[in-house]
Amino acid sequence: MVTTIAKAQTAGNYADVNGIKMYYEIHGSGSPLVLLHGGGSTIYTSFGKILPQLAKDHKVIAIELQAHGHTGDRDAPETFEQDANDVAELLRQLNISKADILGFSNGGHTTLQLAMKHPDRVRKIIVASAFYKRAGVPAAFWGGFAGATLNNMPQLYRDEYLKINHDSAKLQNMFNKDVQRMENFKDWTDDDIRSIKAPAFIIVGDHDVPTPEHAVEMSRLLSGSRLAILPGAHGQYLGEALFPDTNSKLPDLFVAMVEDFLATQVN
């Protein structure tokens, strides 16, 4: 799995975006669909299982965000606002006026920010395993960042980053910035979420980081949103690399639900 990931990521592109070299890949053709990975991850650790299926009917623009994977860093902390600005700028450079956005975990937080701050760039959003306020996850999640070290990062993510960059200092830098961003996470208000006008599909696992109750709460703030609570842990339902169960039908179900949501006409 990891060997395939590293090989697949050699065929991408770079753009100068707000002072960093941003890496992206384009697969397939059709309506544009942006994929935004989770924290500490790459395109393929988050989406390697489902990207080929999504590319059958969409022009998939898979992006690696600041300091992650192949993408460069800037002398500034990671923020979801900056990530959203970077995605919006890349879409501008690619002459994509409006796209559907699928964000997983921290990519889901960037998706929410993108829908709030750059609504002109967004058609529909799929927010997978994300939350909008600290109370949306168990208290132990926040306590885990205190004194966190690189050894707390899944080995698979560390190995994949080093296969791309061959630089342990850059890996440590990404980890530090990811931890700092979550330690400093500030709630969005209910009104912030209500301000999102793009049709939204909220998805979590029943043993996820965000609680099912929080997913319900968020979906009720989004006018006309859809909600799915699927079996499994964080990202398991979309075939995230930490869950390499090749016999699971859940990723196929996830893709089918996403396709159905995207195909529904926007009023």
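Computed from a prediction, not measured in an experiment: that's the story for all the values here.
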Review point. Does NZ or CZ of K124 lie under 6.0 Å from the centre of the six-membered ring of F201, at an angle within 45° of the ring axis?
Key: no
**Study point:** H58 and E259 side chains, donor-acceptor separation under 3.5 Å
**Key:** yes
Exercise for review: For residues L102 and V34, determine if any side-chain heavy atom of one lies less than 4.5 Å from a side-chain heavy atom of the other.
Suggested key: no
Exercise for review: Report yes or no: do Q180 and N176 form a side-chain donor-acceptor pair below 3.5 Å?
Suggested key: no
Study note, to complete from the structure: Closest non-hydrogen atoms of L90 and A15, given as atom of the first, atom of the second and distance, are CD1-CB, 3.7 Å
Exercise for review: Mind telling me whether F141 and F145 have parallel, tilted or perpendicular rings, with 30° and 60° as the class edges?
Suggested key: perpendicular
Check your understanding: Roughly how far, to the nearest 0.5 Å, is the CD1 atom of I63 from the CZ atom of F47?
Key -> 10.5 Å
Exercise for review: Would you mind checking if E160 and K163 are paired as a salt bridge, meaning a charged N to carboxylate O distance below 4.0 Å?
Suggested key: no
Check your understanding: Is it true that R194 and D191 make a salt bridge, defined as a side-chain N closer than 4.0 Å to a carboxylate O?
Key -> yes
**Study point:** Any side-chain heavy-atom pair of D187 and F185 under 4.5 Å
**Key:** yes
**Study point:** Shortest non-hydrogen separation from A62 to I43 and the atoms involved
**Key:** O-CD1, 3.4 Å
Review point. If you look at every heavy atom in P138 and T211, which pair is closest and at what distance?
Key: CD-CG2, 4.3 Å
Exercise for review: Please determine if R181 forms a cation-pi arrangement with F80, meaning its NZ or CZ atom is less than 6.0 Å from the six-membered ring centre and no more than 45° off the ring axis.
Suggested key: yes
Practice item. Without swapping roles, check the side chain of R121 against the backbone of I96 for a donor-acceptor pair under 3.5 Å. Key: yes
Exercise for review: Given side-chain contact (heavy atoms from CB on, under 4.5 Å), test H118 with N85 step by step and report yes or no.
Suggested key: CA-CA 8 Å; H118 301 277; N85 292 342; 2.7 Å; yes
Practice item. Check the pair M218 / F131 against side-chain contact (heavy atoms from CB on, under 4.5 Å), numbers first and verdict last. Key: CA-CA 8 Å; M218 180 159 51; F131 49 89; 5.7 Å; no
Study note, to complete from the structure: Rounding to 0.5 Å, atoms CG (L51) and CG (L238) come to a distance of 11.5 Å
Point to revise | Contact check, side chains of P231 and L250, non-hydrogen atoms, under 4.5 Å | key: yes
Check your understanding: Considering all heavy atoms of both residues, which atom of M116 and which atom of P119 are nearest to each other, and what is their separation?
Key -> O-CD, 3.8 Å
Check your understanding: How far apart are the closest heavy atoms of I203 and Y237, and which atoms are they?
Key -> O-OH, 3.6 Å
Check your understanding: Distance only, no hydrogens: is a donor on one side chain within 3.5 Å (strictly under) of an acceptor on the other, for Q53 and D252?
Key -> yes
Practice item. Decide yes or no for P154 and L242: does some side-chain heavy atom of the first lie under 4.5 Å from some side-chain heavy atom of the second? Key: yes
Review point. Looking only at side chains, do E64 and Y44 share a donor and an acceptor under 3.5 Å apart?
Key: no
**Study point:** pair H37-T45: side-chain heavy atoms closer than 4.5 Å
**Key:** no
Point to revise | Identified side chain to side chain contact (heavy atoms under 4.5 Å, CB included) partner of L35 from the options I101, L54, I50 | key: L54
Check your understanding: Taking side chain as C-beta onward, heavy atoms only, is I202 less than 4.5 Å from L222?
Key -> yes
Check your understanding: Are Y132 and H214 an aromatic pair by the rule of ring centers under 6.0 Å?
Key -> yes
Review point. Heavy-atom distance under 4.5 Å between the side chains of K49 and F243, does that happen here?
Key: no
Point to revise | Steps toward side-chain contact (heavy atoms from CB on, under 4.5 Å) verdict (W142, E183) | key: CA-CA 7 Å; W142 302 110; E183 285 184 315; over 6 Å; no
Study note, to complete from the structure: Here the gap from T110 atom OG1 to F104 atom CZ, rounded to the nearest 0.5 Å, amounts to 13.0 Å
Point to revise | Check: G38 main-chain N/O paired with N106 side-chain donor or acceptor under 3.5 Å | key: no
Point to revise | Criterion side chain to side chain donor-acceptor pair (under 3.5 Å) on D73 and Q66, from CA distance to verdict | key: CA-CA 5 Å; D73 195 15; Q66 177 186 344; 2.8 Å; yes
Exercise for review: Compute whether any side-chain donor of one residue and acceptor of the other, for Q155 and D159, lie under 3.5 angstrom apart.
Suggested key: yes
Review point. Would a distance-only check, ignoring hydrogens and angles, find a side-chain to backbone donor-acceptor pair under 3.5 Å from S219 to V216?
Key: yes
Point to revise | Check: Q82 and N18 side chains under 4.5 Å, non-hydrogen atoms | key: yes
Point to revise | Derivation and outcome, side-chain contact (heavy atoms from CB on, under 4.5 Å), residues V179 and M174 | key: CA-CA 9 Å; V179 169; M174 177 188 69; over 6 Å; no
Revision key, fill the gap. The reported gap from OH in Y23 to OG1 in T71 (rounded to nearest 0.5 angstrom) is 9.0 Å
Revision key, fill the gap. So CG of D16 and CD of Q93: to nearest 0.5 Å the spacing works out to 7.0 Å
Exercise for review: Start with the C-alpha distance between Q236 and H234, add both sets of side-chain angles, then the distance that settles side chain to side chain donor-acceptor pair (under 3.5 Å), and finish with yes or no.
Suggested key: CA-CA 6 Å; Q236 189 169 6; H234 193 62; over 6 Å; no
Check your understanding: For the salt bridge (charged side-chain N to carboxylate O under 4.0 Å, His left out) test, which of K117, R74, K21 pairs with D86?
Key -> R74
Review point. What do you reckon, is CZ of R134 surrounded by more than 12 foreign heavy atoms closer than 6.0 Å?
Key: yes
Exercise for review: Measure from the side-chain N and O atoms of R123 to the backbone N and O of L262, and report whether any donor-acceptor pair falls under 3.5 Å.
Suggested key: yes
**Study point:** Spatial distance of atom CE (M153) from atom OG (S41) [nearest 0.5 Å]
**Key:** 7.0 Å
**Study point:** D192/T189 under side chain to side chain donor-acceptor pair (under 3.5 Å): CA gap, chis, key distance, verdict
**Key:** CA-CA 5 Å; D192 289 333; T189 68; 3.2 Å; yes
Check your understanding: Is it true that a side-chain atom of S225 and a backbone atom of L221 form a donor plus acceptor pair closer than 3.5 Å?
Key -> no
Point to revise | For A148 against F175, the heavy-atom pair lying closest together | key: O-CE2, 3.9 Å
Exercise for review: Look at E217 together with K133 and state whether they make a salt bridge at an N to O cut-off of under 4.0 Å.
Suggested key: yes
Review point. Are N165 and H70 close enough that a side-chain donor and a side-chain acceptor fall under 3.5 Å?
Key: no
Check your understanding: Would a distance-only check, ignoring hydrogens and angles, find a side-chain to backbone donor-acceptor pair under 3.5 Å from D208 to S129?
Key -> no
Exercise for review: Might you work through the side chain to side chain donor-acceptor pair (under 3.5 Å) test for Y157 and T42, ending with a clear yes or no?
Suggested key: CA-CA 8 Å; Y157 292 171; T42 66; over 6 Å; no
